[in-house]
S.K.: 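Below you'll find the structure I mean.
These numbers come from the heavy atoms of this one structure, side chains and all, not from hydrogens, waters or symmetry mates.
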Amino acid sequence: MQTGALPTPDAPPVAIVERRALPYHRVMADEFAFLTALRGIATHPGANGLRDDAAHLDVAGGRLVLTTDTMVAGVHYRPEDPAESVGWRLAAVNLSDLAAKGARPLACLLNYTLSGDPAWDARFLAGLDDALSTYALPLLGGDTVAMPRGSARALSLTAIGVAGPDTPLRSGARAGDGVWVTGTIGAAAFGDDGDPVDPSRYLRPMPRVAEGQAIARLATAMMDVSDGLLIDAERMATASGVAIEIDLDAVPVTPAGIDPLAACTAGDDYELLFTLPTGIVPPVAATRIGTVRTGAGIALTTQGGPVPLPARLGYAHRA
């Protein structure tokens with residue numbers, strides 16, 4: 001369908017290049033292995049090596065930031081979750097990726113699998129519309145498909161934003177930088193009873209779009225916290241070629257009394273994790289939780305001493 005015109009990219013014509021052999025014959029056991037193979041295809045500079053929250057495309061007059069997220073019933077949300085919250089969350093997770101680049105929301109496209117339940121579809125759209133209206137993200141088009149009976153719902157949104165020329169990537173953290181996070185960590189975690197600690201934080205996350213725009217001009221690196229603070233900090237450290245040391249005592253966890261390690265590995269927080277040069281104070285409410293060091297990976301401390309890393313740092317897709 002016609003979805004509107006965008007400026008012409010300031011990039012040379014696509015050249016036909018010799019294809020490299022890719023390990024398609026191997027079993028893609030998890031998300032990391034699949035992305036490793038996919039990087040052989042996604043070679044455009046704007047793809048950032050598929051190591052970031054979003055891609056970018058420089059165009060006449062600015063920079064487009066592009067991101068897409070898919071939510072599958074039973075994987076990213078519970079089948080019994082209210083349809084309105086599923087619609088809200090689908091928009092929110094994409095908006096959070098735009099926030100991590102300091103981007104202003106511009107437009108989005110929806111790919112939707114019809115549920116076979118018109119009432120559910122209507123409630124989903126109500127929640128989606130609520131989020132898109134709240135964050136001024138117009139829906140321009142997309143696609144709808146029918147799935148075989150009994151298939152899990154799979155819902156995708158692609159969001160486009162506009163950012164400045166110095167979009168903060170995950171890969172810019174430098175030794176000596178301070179490590180900061182907005183908001184609090186852990187409220188969307190699931191307790192022993194199988195329910196989120198704070199249902200409102202899980203069902204209706206609030207992406208930090210305004211905060212991201214304010215931080216972007218100062219940050220050396222930034223990403224959102226979606227799969228867990230520790231695993232996302234490790235991803236930033238890996239992309240930047242540095243080590244990140246986190247002080248568990250400084251992490252702003254909520255509610256009071258929650259195990260900090262459990263909070264830091266739970267995910268679904270949709271806060272912003274970012275690094276700033278020494279002496280720079282963020283222009284928004286945020287907490288310093290650590291320091292960038294030379295080296296690799298992440299390290300944890302408490303009361304000035306080292307803490308062993310947990311066996312599971314956060315959420316990762318596996319087949």
Side-chain angles (χ1 to χ4, degrees), residues 1-11 13-14 38 41-42 44 46-48 50 52-73 75-77 81-148 151-164 167 204-207 209-210 212-213 224 226 270:
M1 69 178 65
Q2 181 79 25
T3 57
L6 292 175
T8 303
D10 292 335
V14 176
L38 196 59
I41 299 173
H44 188 284
N48 299 317
L50 302 185
D52 217 299
D53 299 280
H56 69 266
L57 192 63
D58 291 329
V59 299
R63 167 170 287 187
L64 296 181
V65 175
L66 305 99
T67 185
T68 188
D69 267 293
T70 299
M71 290 173 48
V72 178
V75 178
H76 302 93
Y77 68 94
D81 285 344
E84 294 88 345
S85 75
V86 178
W88 176 280
R89 292 185 74 236
L90 182 61
V93 298
N94 280 274
L95 284 158
S96 187
D97 283 341
L98 293 185
K101 302 296 127 217
R104 174 176 59 83
L106 180 64
C108 66
L109 302 168
L110 173 69
N111 288 342
Y112 190 78
T113 54
L114 296 169
S115 69
D117 181 347
W120 197 96
D121 294 339
R123 294 195 302 273
F124 168 89
L125 290 178
L128 177 70
D129 183 48
D130 190 9
L132 298 184
S133 298
T134 298
Y135 289 93
L137 180 63
L139 177 66
L140 300 188
D143 192 23
T144 55
V145 297
M147 297 285 282
S151 298
R153 292 188 182 99
L155 317 165
S156 296
L157 193 79
T158 297
I160 305 167
V162 180
T167 309
R204 197 178 172 92
M206 305 298 289
V209 175
Q213 292 174 30
D224 74 333
S226 55
Y270 300 105

S.K.: Set out, in order, the CA-CA distance, both residues' side-chain angles and the distance that settles side chain to side chain contact (heavy atoms under 4.5 Å, CB included) for Asp130 and Arg204, then state yes or no.
M.R.: CA-CA 11 Å; Asp130 190 9; Arg204 197 178 172 92; 2.9 Å; yes
S.K.: Over all heavy atoms of both residues, which pair between Gly164 and Arg63 is shortest? Give the atoms and the distance, please.
M.R.: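 Reported closest heavy-atom pair: O-CD, 3.8 Å.
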S.K.: Does any non-hydrogen side-chain atom of Leu114 lie less than 4.5 Å from one of Val145?
M.R.: no
S.K.: Going by salt bridge (Lys or Arg N to Asp or Glu O under 4.0 Å), name the pairs with one or both residues in residues 151-164, residues two or more places apart or in two chains.
M.R.: none
S.K.: Please enumerate all residues that pass side chain to side chain donor-acceptor pair (under 3.5 Å) together with Ser156, with sequence neighbours excluded.
M.R.: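 Once residues adjacent in sequence are excluded, the partners of Ser156 under the side chain to side chain donor-acceptor pair (under 3.5 Å) criterion are Thr70.
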S.K.: Using the test side chain to side chain donor-acceptor pair (under 3.5 Å), find all partners of Thr158 that sit at least two apart in sequence or belong to another chain.
M.R.: Thr68
S.K.: Given side chains that start at C-beta, do those of Pro138 and Leu132 come closer than 4.5 Å, heavy atoms only?
M.R.: no
S.K.: How would you list, by chain and number, every residue that makes a ring-ring contact (aromatic ring centres under 6.0 Å, His included) with Tyr112, sequence neighbours excluded?
M.R.: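 Applying ring-ring contact (aromatic ring centres under 6.0 Å, His included) to Tyr112 gives Phe124.
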S.K.: Step by step, work out the side chain to side chain contact (heavy atoms under 4.5 Å, CB included) result for Tyr135 and Met206.
M.R.: CA-CA 10 Å; Tyr135 289 93; Met206 305 298 289; 3.6 Å; yes
S.K.: Could you pull out the closest heavy-atom pair between Leu109 and Gly142, with the gap in Å?
M.R.: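 Here Leu109 and Gly142 meet closest at CD2-N, 4.1 Å.
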S.K.: What is the distance from atom CG of Leu98 to atom CG of Leu137, rounded to the nearest 0.5 Å?
M.R.: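 Nearest 0.5 Å value for the CG-CG distance: 7.0 Å.
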S.K.: Listed by chain and number, what are the side-chain contact (heavy atoms from CB on, under 4.5 Å) partners of Ala146, not counting sequence neighbours?
M.R.: none
S.K.: What pairs with Ala107 under side-chain contact (heavy atoms from CB on, under 4.5 Å), at least two apart in sequence or on another chain?
M.R.: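 Per chain and number, Ala107 pairs via side-chain contact (heavy atoms from CB on, under 4.5 Å) with Leu140.
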S.K.: Test: salt bridge (Lys or Arg N to Asp or Glu O under 4.0 Å). Region: residues 108-118. Which pairs qualify, not counting sequence neighbours?
M.R.: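 Listed once each, the pairs would be none.
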S.K.: Show me the side-chain donor-acceptor pairs of residues 89-96 shorter than 3.5 Å, one per line, residues at least two apart or across chains.
M.R.:
{"unit_1": "Arg89", "atom_1": "NE", "unit_2": "Tyr202", "atom_2": "O", "d": "2.9"}
{"unit_1": "Arg89", "atom_1": "NH1", "unit_2": "His76", "atom_2": "O", "d": "2.9"}
{"unit_1": "Arg89", "atom_1": "NH2", "unit_2": "Asp268", "atom_2": "OD1", "d": "3.2"}
{"unit_1": "Asn94", "atom_1": "OD1", "unit_2": "Asp69", "atom_2": "N", "d": "3.2"}
{"unit_1": "Asn94", "atom_1": "ND2", "unit_2": "Leu90", "atom_2": "O", "d": "2.9"}
{"unit_1": "Asn94", "atom_1": "ND2", "unit_2": "Leu157", "atom_2": "O", "d": "3.4"}
{"unit_1": "Ser96", "atom_1": "OG", "unit_2": "Asp224", "atom_2": "OD2", "d": "2.8"}

S.K.: Going through the distances and angles, do Val65 and Val162 end up as a side chain to side chain contact (heavy atoms under 4.5 Å, CB included)?
M.R.: CA-CA 6 Å; Val65 175; Val162 180; over 6 Å; no
S.K.: For residues Ala159 and Cys108, report the shortest heavy-atom separation together with the two atoms involved.
M.R.: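 Heavy-atom minimum between the residues: CA-CB, 4.1 Å.
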S.K.: Which pair of non-hydrogen atoms, one from Gln213 and one from Ala103, has the smallest distance, and what is that distance?
M.R.: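 Closest approach of Gln213 to Ala103, heavy atoms only: NE2-O, 3.4 Å.
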S.K.: Kindly determine whether Tyr77 and Leu155 satisfy side chain to side chain contact (heavy atoms under 4.5 Å, CB included), including the steps that lead there.
M.R.: CA-CA 11 Å; Tyr77 68 94; Leu155 317 165; 4.1 Å; yes
S.K.: Applying side-chain contact (heavy atoms from CB on, under 4.5 Å), name anything that partners Asp129, two or more places apart in sequence or on another chain.
M.R.: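 Partners of Asp129 by the side-chain contact (heavy atoms from CB on, under 4.5 Å) criterion, ordered by chain and then number, come out as Ser133.
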S.K.: Of all the heavy-atom pairs spanning Trp88 and Pro205, show the shortest one and how long it is.
M.R.: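 Heavy-atom minimum between the residues: NE1-O, 2.8 Å.
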S.K.: Tell me the closest heavy-atom pair linking Met147 and Ala152, and the distance in Å.
M.R.: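 Answer, listing the atom of Met147 first, then Ala152: CE-O, 4.2 Å.
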